[in-house]
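The structure appears right after this line, and notes come after that.
Letters A, B, ... are given to chains in the order of the sequence lines, protein chains preceding strands, and every chain is numbered from 1.
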Amino acid sequence: MELPLLPLVLLSLTLFSIGALGILLIRHPLVLVLSIELLLNGANLLFVSFGHFWGNEIGMAWVFFVLFIAAIEGALGLAILIRMFRTTPEADIDQYNTLGAMQ
Amino acid sequence: MPTLSIFTLTLLSGILLLSSAAMLLLEKPIHAVLSFLVTLLTLAAIYLALHAEFVSLMQVLLYGGAIMVIFMFVILLFQDISHAHPKTQSKVSSGCIFATILTLLFSCATYGMSLTSLASPSQSHSSVFGTVESLGRELYTTFFIPFELLIPLFLTTIVGVIYIARRP
């Protein structure tokens with residue numbers, strides 16, 4: 001039996017919401033970057049579900065691009081975090097409120 | 001190729017939601033990263049059941065391998081920061097408001113798309129659907145220019161990351 005589309009869409013929406021909540025609520029910088037990755041994963045799940053549903057591979061090709069952009073985003077975000085940890089060793093994202101701390 | 005039954009999907013969704021919620025709730029960042037790894041592997045299993053072999057492979061290799069290693073390196077380099085975890089409860093009310101708004105928006109969007117009327121999945125897939133071969137052909141024909149543009153993007157990223165993370 002094939003699966004209806006709706007549960008998969010709801011699952012990806014829930015993943016996206018959890019990621020957005022993580023960005024707003026959690027103050028640790030590392031968990032912030034993880035939450036952004038969770039947002040991208042929610043979008044990916046939507047792409048793959050619709051691609052499966054329509055029997056179309058274009059959605060999967062886009063997931064491929066999103067995966068690579070996520071890798072780039074993770075590397076850049078963590079490099080910025082390393083820079084910020086060196087100058088301001090705090091585990092609280094609210095402490096990083098000035099760009100001058102990064103020079 | 002297995003098809004995704006309701007039971008399997010329920011099980012996988014449960015693991016997915018539990019591990020992603022644990023990512024936000026656990027105290028130490030290392031535990032958060034590990035539960036995020038569980039999330040990624042569960043997603044890879046769902047992709048595999050949705051006939052997306054290549055995406056599932058890439059999910060394990062790129063996310064479960066490369067990105068997780070970068071996170072582990074950062075945790076390793078800054079262990080003293082990794083232990084501290086100032087979680088305040090002050091933002092919880094605004095987070096609840098935001099979550100309600102988000103849920104309302106998403107349910108409106110889902111209702112507007114009238115997904116339930118689409119509920120009969122399509123034709124049976126061909127035997128090469130979602131494999132490395134067919135998706136690779138798609139990437140090298142339809143998506144050739146974006147695919148090639150990824151390469152200078154990666155090069156720029158490498159230079160930028162080295163510049164940002166270097167010792168002043």
Measure the CE-CE distance between A:Met60 and B:Met58 for me, rounded to the nearest 0.5 Å.
14.0 Å
Under a 3.5 Å cutoff, is there a donor and acceptor pairing between the side chains of B:Gln59 and A:Asn41?
yes
Side chain, backbone, both or neither: which part of A:Ile69 has a heavy atom under 4.5 Å from chain B?
side chain
Relative to the ring of B:Phe154, is the ring of A:Phe68 parallel (under 30°), tilted (30 to 60°) or perpendicular (over 60°)?
perpendicular
Tell me whether the count of non-hydrogen atoms from other residues, nucleotides or ligands lying under 6.0 Å of CG in B:Leu104 goes above 12.
yes
Quick check: do B:Leu102 and A:Leu21 have side-chain heavy atoms less than 4.5 Å from each other?
no
Atom CG of B:Leu16 and atom OG1 of A:Thr14: how far apart are they, to the nearest 0.5 Å?
9.0 Å
Among the listed options A:Ile72, A:Ile58, A:Val63, A:Leu81, the residue most often paired with chain B at heavy-atom distances under 4.5 Å
A:Ile72
In the single-linkage hydrophobic clustering (I, L, V, M, F, W, Y; side-chain heavy atoms under 4.5 Å), do B:Val38 and A:Val31 co-cluster?
no
Report yes if the side chains of B:Ile46 and A:Leu11 come closer than 4.5 Å at any heavy-atom pair, otherwise no.
yes
What distance do A:Ser49 atom OG and B:Tyr47 atom OH have between them, rounded to the nearest 0.5 Å?
8.0 Å
Can you check whether B:Phe71 reaches A:Val33 side chain to side chain, under 4.5 Å on heavy atoms?
yes
Is it the case that the side chain of A:Arg83 and the backbone of B:Ile164 share a donor-acceptor pair, with hydrogens and angles ignored and the cut-off at 3.5 Å?
yes
Under 4.5 Å heavy-atom distance to chain A, tell me which part of B:Ser134 shows up: side chain, backbone, both or neither.
both
Which class fits the ring pair B:Phe143 and A:Trp62: parallel under 30°, tilted 30 to 60°, perpendicular over 60°?
perpendicular
Would you call A:Ile82 and B:Phe73 a side-chain contact if the rule is heavy atoms closer than 4.5 Å?
no
If you measure from CG on B:Leu149 to CZ on A:Phe65, what distance do you get to the nearest 0.5 Å?
9.0 Å
Given a strict heavy-atom distance threshold of 4.5 Å, which part of B:Ala32 is in contact with chain A: side chain, backbone, both, or neither?
both
Residue B:Ile70 versus chain A: region with a heavy atom under 4.5 Å
both
Which one wins on heavy-atom pair count under 4.5 Å against chain A: B:Thr142, B:Thr10, B:Leu17?
B:Leu17
